[in-house]
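The structure appears right after this line, and notes come after that.
Computed from heavy atoms alone, side chains included, the values below leave out hydrogens, waters and symmetry copies. Being a predicted model, the structure only gives us computed values, none of them experimental.
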Amino acid sequence: KDIAENNPGSRVLLATSETTIIGYKPPSADRPYDLVGVALFGDGAGAMIIGSDPVSDTEKPLFELHSAMQQFLPGTDKTIDGRLTEEGISFKLARELPQVIEDSVEGFCEKLMGVKGFDKEWYNKMFWAVHPGGPAILNRIEKRLDLDPEKLNASRKALMDYGNASSNTIVYVLEYMLEESSKMKKVDQEENEWGLILAFGPGITFEGILARNLTTTV
C-alpha cells in the first residue's frame, strides 16, 4: 500500500506462498498434538495487484485499502510457537489462543473502525474478511462481536477448502468475498460497502485493514 501510494502510476504485485507441509510429522502417541496441525494447516499460494489512482478506462479495482493498523499483544510470544529442531520445524498453538484473540479483537476492531467514525453498531453493516486461524477462532469472534452467522461465510469456506494456509488464506477469503458480492447482485440483495480485513499471526500480532468493496458501486 505504501509503495503504491508513494510511487505514482506504479502497480505492485503482492505474492504469497506457504509450505506448511514442512511441519508434518507422522502420528505418534507421544505427540498427540501434532494431529491438530496436520488437520488444520495447508499449503498454497496467492497473489494480488495493488495500486493507487486506478485508470478508469482499463482497470476495475476490487477493494480500496483505506487504513491499516497493527497490534502486538504483550506476553503472547509463546502462544503461537515455531521451532527448528533436528526433526524439522515444529509448530505449536497454545490452547488459550482462541480465548486470547476473543479477549482483544473487539478493542482492536473499534480502534480501526474509529478512523472512519464507525462504532460497534456497524458490525453487522460491514463485510468481514477474517483469516480463519481455526474453527474455534472464528466461533469466538462471531460470539464476541455478535455477528450475524453469514458474516464469516467466506472465512469458513476458505478454511474448509484450503485449511489454514497461513498468509495465503486471506487472499482466498477475499476471493470468496467477491463471489458472495456477485451472488447478492443477482438477487438484488443489499451489499456491504465497508468492511474489515483481519489476520492473526505469531506474537500474537493483530493485523487489520479498513476497506471498501468497490464492486458494490459497479
Side-chain angles (χ1 to χ4, degrees), residues 1-5 10-25 34 36-51 61-73 76-84 88-94 97-98 100-102 104-105 108-109 112 127-141 151-180 195-211 213:
K1 182 176 186 294
D2 287 340
I3 293 173
E5 289 179 337
S10 66
R11 296 294 179 264
V12 182
L13 175 64
L14 172 62
T16 66
S17 178
E18 300 282 358
T19 52
T20 58
I21 191 66
I22 59 176
Y24 173 80
K25 293 182 178 63
D34 289 348
V36 175
V38 173
L40 181 61
F41 289 98
D43 297 341
M48 64 180 70
I49 295 175
I50 301 174
L62 303 174
F63 294 96
E64 175 193 347
L65 309 181
H66 184 277
S67 303
M69 184 178 294
Q70 300 78 35
Q71 179 182 353
F72 172 75
L73 303 183
T76 61
D77 54 310
K78 300 299 182 184
T79 307
I80 302 176
D81 194 28
R83 295 181 181 275
L84 181 61
I89 292 180
S90 175
F91 295 106
K92 188 169 184 180
L93 308 179
L97 174 59
V100 172
I101 290 178
E102 180 186 349
S104 302
V105 69
F108 180 76
C109 290
L112 185 54
F127 69 82
W128 291 79
V130 180
H131 168 66
I137 291 174
L138 294 178
N139 292 341
R140 295 292 188 103
I141 291 174
K151 289 297 179 180
L152 298 181
N153 278 354
S155 296
R156 296 188 191 282
K157 183 170 175 54
L159 183 63
M160 179 177 65
D161 290 349
Y162 300 106
N164 179 348
S166 198
S167 65
N168 310 307
T169 321
I170 200 65
V171 183
Y172 306 152
V173 174
L174 290 173
E175 188 172 15
Y176 284 137
M177 288 292 308
L178 296 175
E179 289 184 10
E180 292 284 329
L196 292 182
I197 302 172
L198 301 178
F200 317 104
I204 300 170
T205 304
F206 280 24
E207 300 278 349
I209 298 175
L210 179 64
N213 182 354

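Side chains of Leu40 and Leu93 form a contact here, defined as non-hydrogen atoms less than 4.5 Å apart. Looking only at side-chain heavy atoms (C-beta outward), Phe63 and Ile209 stay at 4.5 Å or farther from each other. Under the 4.5 Å side-chain criterion, counting only non-hydrogen atoms from C-beta, Phe200 is not in contact with Thr79. Residues Phe127 and Glu180 have side chains not in contact (no heavy-atom distance under 4.5 Å, counting atoms from C-beta outward).
Shortest non-hydrogen contact noted between Glu18 and Ala165 is CG-O, 3.4 Å. Shown here for Lys78 and Asp81, the closest heavy-atom pair between the two residues is O-CB, 3.9 Å. The minimum heavy-atom distance between Val173 and Ala158, with the atom names listed, is CG2-CB, 3.7 Å. Minimum heavy-atom separation, Gln71 to Phe108: OE1-CD1, 3.2 Å. Across Leu159 and Asn164, no two heavy atoms sit closer than the pair CD1-N, 3.8 Å. Taking each heavy atom of Ser67 and Leu112 in turn, the nearest pair found is O-CD1, 3.9 Å.
Rounding to the nearest 0.5 angstrom, the gap separating the NE2 atom in His66 from the CG atom in Leu196 is 12.0 Å. Taken from CD1 in Ile204 to CG in Leu97, the straight-line distance is 4.5 Å, to the nearest 0.5 Å.
A search for side chain to side chain contact (heavy atoms under 4.5 Å, CB included) contacts involving Met48 returns Leu14, Ile50, Val171, Leu174, not counting sequence neighbours. Residues satisfying the ring-ring contact (aromatic ring centres under 6.0 Å, His included) criterion with Tyr162, sequence neighbours excluded, are Tyr172. Scored by the side-chain hydrogen bond (donor to acceptor under 3.5 Å, both in side chains) test, Ser10 finds no partners at all (sequence neighbours excluded). In this structure Asp161 satisfies the side chain to side chain contact (heavy atoms under 4.5 Å, CB included) test together with Lys157, Tyr176, sequence neighbours excluded. Applying the side chain to side chain contact (heavy atoms under 4.5 Å, CB included) criterion to Ser104, with sequence neighbours excluded, gives Leu73, Phe206.
In terms of modelled atom types and a separation under 3.5 Å, the side chain of Asn168 and the main chain of Ser17 share a donor-acceptor contact. Using a distance-only test at 3.5 Å, with no hydrogens or angles considered, no donor-acceptor pair links the side chain of Thr19 to the main chain of Asp43. With Ser155 contributing its side chain and Val130 its backbone, the two residues share a donor-acceptor pair below 3.5 Å.
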Give every donor-acceptor pair under 3.5 Å between a side-chain atom in residues 131-140 and any protein atom, sequence neighbours left out.
from: Asn139; atom 1: OD1; to: Arg156; atom 2: NH1; distance (Å): 3.1
from: Asn139; atom 1: OD1; to: Arg156; atom 2: NH2; distance (Å): 3.2
from: Asn139; atom 1: ND2; to: Pro135; atom 2: O; distance (Å): 3.3
from: Arg140; atom 1: NH1; to: Gln99; atom 2: OE1; distance (Å): 2.5
from: Arg140; atom 1: NH1; to: Glu102; atom 2: OE1; distance (Å): 2.9

Could you walk me through whether Thr16 and Ser166 pass the side chain to side chain contact (heavy atoms under 4.5 Å, CB included) test, one step at a time?
CA-CA 9 Å; Thr16 66; Ser166 198; over 6 Å; no
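Counting heavy atoms of neighbouring residues, nucleotides and ligands inside a 6.0 Å radius, atom CG of Leu178 exceeds 12 of them.
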